[in-house]
Amino acid sequence: MNTRKITAVSLATLSLTLCSCSSVSTSRELPPPNTFPPQNTIESEYSTEDTTVPISTETTEAATSDVTKKVQYRGNIYDVKGRLLSYSSPENGSKRIYTAEYAVPFANVITEMSDGYDKTFNDLLTVKNPAPVNGSEEIGQSIQITIDADVQKRIYEYMQSVNLDGTIVVMRNDGSVMAQVSYPSYDPNAVAVQTYDEKLAWGDCGNKAFQNYQPGSCFKIMSEVIADKHGITSLHDEGTWVFEDTSIVNWDHDTNFNYPMERSLSSAFVNSSNIFFAKAFDQIGTEAVLADLNEMFHFGTDIQCDFGTLENNIEIYCPDDLRRTAFGQSYLLTCPLYLAALGREAAFGDMVRPFVLKNTVDTNDPEKITGKGSTPHDVIASIPENLRPNLLDGMKNVAANLGITTPSGYTLYAKTGTAETWEGDFLYITGCLKKDGDDGSDKCDYDNYDGSYTVIMELQNPIAHGFSFASDSAQIYGGALNILAG
């Protein structure tokens with residue numbers, strides 16, 4: 001038996017990491033995570049003034065060697081439109097302060113407790129600012145991120161209103177993350193000791209957009225392209241495929257009376273046949289499947305992003321593992337941030353590297369840019385031209401079956417996925433609300449963005465909604481789209 005493993009973190013290790021918890025260091029009991037807006041009694045620590053700062057494209061002169069000196073306190077974090085999200089004040093010691101209006105929606109994305117941007121961008125935030133800040137030499141330069149704070153807040157409030165335990169990720173067509181929302185969250189200003197805490201990073205209130213689980217049938221976006229590449233356009237589908245001491249079934253195996261049937265590739269994708277893609281991978285073989293995943297989708301090797309590393313996990317130890325990999329199960333893990341990159345690739349043909357860093361800026365004057373951010377439109381994988389039309393047609397048909405009304409001038413391309421994870425069933429919708437005429441190459445106007453949106457929804461509490469399949473959650477997904485494009 002051949003064994004082939006491409007992994008950044010083993011499944012067993014990751015499972016333990018995601019499920020483990022530790023106590024939260026706090027001077028008081030944390031407010032209920034489902035409470036929004038945050039109920040907090042530390043009024044003096046909240047900023048009550050208008051913190052919106054317009055950002056211009058003006059750049060400062062080259063920094064001197066003295067500017068690169070590391071300082072004690074981090075600079076500020078601003079959203080894409082200059083709204084203040086996070087800052088330090090020496091009179092508060094090492095305690096980081098989070099703007100009240102956005103504290104809860106951003107807690108599991110920004111804070112050090114949740115392993116967020118305060119920690120990720122610490123090296124940039126502790127570079128000495130070009131001039132003292134409020135007389136202090138010990139406050140660093142600031143950064144501006146690509147997330148729109150108002151969109152982040154609106155999506156968080158929407159998720160709370162519909163009881164969506166999970167995450168919604170929104171990415172623009174250049175790879176910039178517009179929103180990265182996980183519900184529930186917590187009030188970071190109420191946590192006394194603001195250092196990394198495993199429960200806040202990986203527990204119920206953690207950043208679910210960055211947590212790896214099985215993706216279910218959303219993986220069939222890749223399986224469809226691989227099958228098409230190898231000329232597998234028709235297979236026998238009996239609804240239940242029994243082999244050796246196990247079996248694979250389709251979701252409708254006990255309700256569809258047309259089995260057995262000859263199934264086309266298009267039908268297999270639109271109707272989400274597990275058996276078709278399992279048989280396709282069985283024919284193609286492990287080595288070719290792994291090579292195709294890596295070459296066309298950068299899946300199986302790490303993707304270095306400015307906010308961290310996307311570590312997709314795929315382990316194939318036997319033929320059954322290969323078959324189940326084809327529909328997003330077995331020893332296969334990925335996260336919603338990767339699915340955003342995949343959804344963008346499915347819609348436009350190229351996968352671009354996700355990023356969140358727009359610029360570094362002067363803490364005294366955030367209109368002054370002290371350094372460039374990450375590169376937009378950084379292509380890291382591509383679907384061959386001849387394999388794109390069939391996938392697009394399939395995703396357009398899947399979206400049509402969801403019954404979601406899309407805004408005028410947009411077309412929705414989507415794939416649903418129901419995943420069996422060690423935490424229970426998760427429901428996914430990977431989609432792109434593609435603006436008519438958008439080829440994905442235009443420079444994004446972050447202040448007045450009106451391009452395409454890649455939107456990933458992961459719903460982790462289907463039982464609370466009475467949902468059995470991802471398609472059941474279509475109207476919740478449609479509500480998120482309405483927030484973005486009216």
*Asks:* Checking ring-ring contact (aromatic ring centres under 6.0 Å, His included) for the pair Phe277/Phe219: CA distance, chi angles, key distance, verdict?
*Replies:* CA-CA 10 Å; Phe277 291 108; Phe219 190 86; 9.8 Å; no
*Asks:* For the side chain of His377 and the backbone of Gly440, is there at least one donor-acceptor N/O pair under 3.5 Å apart?
*Replies:*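 Yes, His377 side chain to Gly440 backbone: donor-acceptor pair under 3.5 Å.
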*Asks:* Say you draw a straight line from CG of Leu235 to OG of Ser267; how long is it, rounded to the nearest 0.5 Å?
*Replies:* 11.5 Å
*Asks:* Going by atom type alone, with no hydrogens or angles, which donor-acceptor pairs under 3.5 Å involve a side-chain atom of residues 425-433 and a protein atom two or more places apart or on another chain?
*Replies:*
from   : atom 1 : to     : atom 2 : distance (Å)
Tyr428 : OH     : Gln214 : O      : 3.3
Tyr428 : OH     : Glu458 : OE2    : 2.9

*Asks:* So does Ile476 get a backbone contact from the side chain of Tyr158, meaning a donor-acceptor N/O pair under 3.5 Å?
*Replies:* yes
*Asks:* Using atom types as modelled and distance alone, determine if a side-chain donor or acceptor of Arg353 lies under 3.5 Å from a backbone N or O of Gln304.
*Replies:* yes
*Asks:* Considering only heavy atoms from C-beta outward, does the side chain of Asp118 approach that of Ile77 to under 4.5 Å?
*Replies:* yes
*Asks:* Distance-only, no hydrogens or angles: does the Thr146 side chain make a donor-acceptor pair with backbone N or O of Val177 under 3.5 Å?
*Replies:* yes
*Asks:* State plainly whether the residues Arg172 and Asp445 are in salt-bridge range, i.e. N to O under 4.0 Å.
*Replies:* no
*Asks:* As a quick check of understanding, evaluate side chain to side chain contact (heavy atoms under 4.5 Å, CB included) for Leu392 and Asn390, giving each step before the final call.
*Replies:* CA-CA 5 Å; Leu392 272 180; Asn390 287 343; over 6 Å; no
*Asks:* After noting the C-alpha distance and the side-chain angles of Lys415 and Glu224, does the key distance pass the side chain to side chain contact (heavy atoms under 4.5 Å, CB included) rule?
*Replies:* CA-CA 11 Å; Lys415 184 69 186 82; Glu224 193 276 345; over 6 Å; no
*Asks:* What distance do Asn312 atom CG and Thr334 atom OG1 have between them, rounded to the nearest 0.5 Å?
*Replies:* 3.5 Å
*Asks:* Would you say the side-chain atoms of Tyr410 pair up with the backbone N or O of Gly451, donor to acceptor, closer than 3.5 Å?
*Replies:*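 Checking the backbone N and O of Gly451 against the side chain of Tyr410, a donor-acceptor pair under 3.5 Å is found.
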*Asks:* So, do Ser452 and Lys435 sit near enough that their side-chain heavy atoms are less than 4.5 Å apart?
*Replies:* yes
*Asks:* Just wondering, are more than 12 heavy atoms of other shown residues or ligands nearer than 6.0 Å to CG in Asp150?
*Replies:*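 Yes, because the 6.0 Å sphere around CG of Asp150 holds more than 12 heavy atoms from other groups.
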*Asks:* Can you find a pair of side-chain heavy atoms, one from Asp187 and one from Tyr98, that are under 4.5 Å apart?
*Replies:*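 Result no, sub-4.5 Å side-chain heavy-atom pair not found.
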*Asks:* So, the side chain of Asp237 versus the backbone of Ile275: is there a donor-acceptor pair under 3.5 Å, distance only?
*Replies:*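 Absent.
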*Asks:* Closest approach of Ala288 and His230, non-hydrogen atoms and distance?
*Replies:*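 What the structure gives for the nearest pair is CB-CE1, 4.2 Å.
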*Asks:* For the residue pair Lys119 and Tyr196, would you count it as a cation-pi contact if the rule is NZ or CZ under 6.0 angstrom from the ring centre and within 45 degrees of the ring axis?
*Replies:*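 Flagged: Lys119 positioned over aromatic ring of Tyr196.
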*Asks:* Taking atom types as modelled, find out whether Asn250 and Tyr259 have a side-chain donor-acceptor pair closer than 3.5 angstrom.
*Replies:* yes
*Asks:* Find the distance between CD1 (Ile221) and CZ (Phe297) and round it off to the nearest 0.5 Å.
*Replies:*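 CZ of Phe297 is found 8.5 Å from CD1 of Ile221.
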*Asks:* Parallel, tilted or perpendicular: which fits the ring planes of Phe106 and Tyr102, with parallel below 30° and perpendicular above 60°?
*Replies:* perpendicular
*Asks:* Below 4.5 Å, heavy atoms only, C-beta onward: do Asn274 and Gln329 meet side chain to side chain?
*Replies:* no
*Asks:* Check this for me, if you would: do Arg388 and Glu385 make a salt bridge, where the nitrogen-to-carboxylate-oxygen distance has to be below 4.0 angstrom?
*Replies:*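 Yes, charged N to carboxylate O under 4.0 Å.
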*Asks:* Is Lys81 salt-bridged to Asp148, cutoff N-O under 4.0 Å?
*Replies:*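 Looking at Asp148 together with Lys81, the answer is yes, because their closest N to O distance falls below 4.0 Å.
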*Asks:* Check whether any side-chain heavy atom of Ile232 sits under 4.5 Å from a side-chain heavy atom of Ile284, and report yes or no.
*Replies:*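 Side chain of Ile232 against side chain of Ile284, heavy atoms only: contact under 4.5 Å found.
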*Asks:* Taking Lys279 for its side chain and His236 for its backbone only, find out whether a donor-acceptor pair lies under 3.5 Å.
*Replies:* yes
*Asks:* Please determine whether a side-chain nitrogen of the Lys or Arg among Asp320 and Arg324 lies less than 4.0 Å from a carboxylate oxygen of the Asp or Glu.
*Replies:*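 Answer for the salt bridge query: yes.
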*Asks:* How long is the straight-line distance from CD1 of Ile168 back to OG of Ser182, given to the nearest 0.5 Å?
*Replies:*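 Atom-to-atom, Ser182:OG and Ile168:CD1 are 10.0 Å apart.
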*Asks:* Do Thr301 and Asn294 have side-chain N/O donor and acceptor atoms under 3.5 Å apart?
*Replies:*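 Thr301 vs Asn294: donor-acceptor pair found between side chains.
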*Asks:* Only pairs under 3.5 Å count here: list side-chain donor-acceptor contacts from residues 398-408, not counting sequence neighbours, and write none if there are none.
*Replies:*
from   : atom 1 : to     : atom 2 : distance (Å)
Asn401 : ND2    : Asn397 : O      : 3.4

*Asks:* Are side-chain N/O atoms of Asp306 and Ser374 paired as donor and acceptor at under 3.5 Å?
*Replies:* yes
*Asks:* For a quick check under 3.5 Å, do Lys358 and Ser176 share a side-chain donor-acceptor pair by atom type?
*Replies:*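 No, Ser176 and Lys358 have no side-chain donor paired with an acceptor closer than 3.5 Å.
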*Asks:* Give a yes or no on whether the backbone of Arg83 and the side-chain of Asp79 come within a donor-acceptor separation of less than 3.5 Å.
*Replies:*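 At least one qualifying donor-acceptor pair exists.
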*Asks:* Closest approach of Asn461 and Asn163, non-hydrogen atoms and distance?
*Replies:*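 Asn461 and Asn163 have their closest heavy atoms at ND2-O, 2.9 Å.
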*Asks:* Is Lys208 salt-bridged to Asp165, cutoff N-O under 4.0 Å?
*Replies:* yes
*Asks:* If we ignore angles and hydrogens, is there a donor and acceptor under 3.5 Å between the side chains of Tyr186 and Thr111?
*Replies:*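 Side-chain D/A pair, Tyr186 to Thr111: present.
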*Asks:* The criterion is salt bridge (Lys or Arg N to Asp or Glu O under 4.0 Å); which residues satisfy it with Arg323, sequence neighbours excluded?
*Replies:* Asp282
*Asks:* I need the Leu481 CG to Gln475 CD distance, nearest 0.5 Å.
*Replies:* 10.0 Å
*Asks:* Grab the two heavy atoms, one from Asp350 and one from Arg344, that are nearest each other, plus how far apart they are.
*Replies:*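 In terms of heavy atoms, the two residues are closest at O-NH1, 2.9 Å.
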*Asks:* Quick one: does NZ or CZ of Lys434 land under 6.0 Å from the six-membered ring centre of Phe348, within 45 degrees of the ring axis?
*Replies:*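 Yes, Lys434 and Phe348 form such a contact.
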*Asks:* Just how far is it from atom CG of Asn271 to atom OG of Ser266, taken to the nearest 0.5 Å?
*Replies:* 8.5 Å
*Asks:* Start with the C-alpha distance between Thr418 and Ser468, add both sets of side-chain angles, then the distance that settles side chain to side chain contact (heavy atoms under 4.5 Å, CB included), and finish with yes or no.
*Replies:* CA-CA 8 Å; Thr418 303; Ser468 299; over 6 Å; no
*Asks:* With no hydrogens and no angle check, do the side chains of Asp174 and Tyr449 hold a donor and an acceptor under 3.5 Å apart?
*Replies:*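 No, no side-chain donor-acceptor contact under 3.5 Å.
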*Asks:* Please report the closest heavy-atom contact between Cys205 and Ser185, naming both atoms and the distance.
*Replies:*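 So the minimum-distance heavy-atom pair works out to SG-O, 3.5 Å.
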*Asks:* Does the pair Tyr183 and Tyr156 meet the rule for a ring-ring contact (aromatic ring centres under 6.0 Å, His included), with working shown?
*Replies:* CA-CA 7 Å; Tyr183 179 83; Tyr156 185 89; 5.2 Å; yes
*Asks:* Is it the case that the side chains of Glu311 and Asn212 hold a donor-acceptor pair, with the cut-off being a distance below 3.5 Å and no angle test?
*Replies:*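 There is no such pair between these side chains.
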*Asks:* Using side-chain heavy atoms (C-beta onward) and a distance below 4.5 Å, is Asn173 in contact with Cys444?
*Replies:* yes
*Asks:* Grab the two heavy atoms, one from Ala209 and one from Val169, that are nearest each other, plus how far apart they are.
*Replies:* CB-CG2, 3.5 Å
*Asks:* For Glu315 and Asp321, which heavy atoms make the closest approach, and how far apart are they?
*Replies:* O-CB, 4.2 Å
*Asks:* Kindly determine whether Met457 and Leu164 satisfy side chain to side chain contact (heavy atoms under 4.5 Å, CB included), including the steps that lead there.
*Replies:* CA-CA 9 Å; Met457 185 180 78; Leu164 197 171; 3.5 Å; yes
*Asks:* Do the side chains of Leu310 and His298 get nearer than 4.5 Å, heavy atoms only?
*Replies:* no
*Asks:* Any heavy-atom pair between the side chains of Val379 and Val352 that's under 4.5 Å?
*Replies:*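 Answer yes - side chains close enough.
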*Asks:* From the options Phe210, Tyr117, Phe355, select the one residue that forms a ring-ring contact (aromatic ring centres under 6.0 Å, His included) with Phe307.
*Replies:* Phe210
*Asks:* Is there a donor-acceptor contact under 3.5 Å from the side chain of Gln180 to the main chain of Ile147?
*Replies:* no
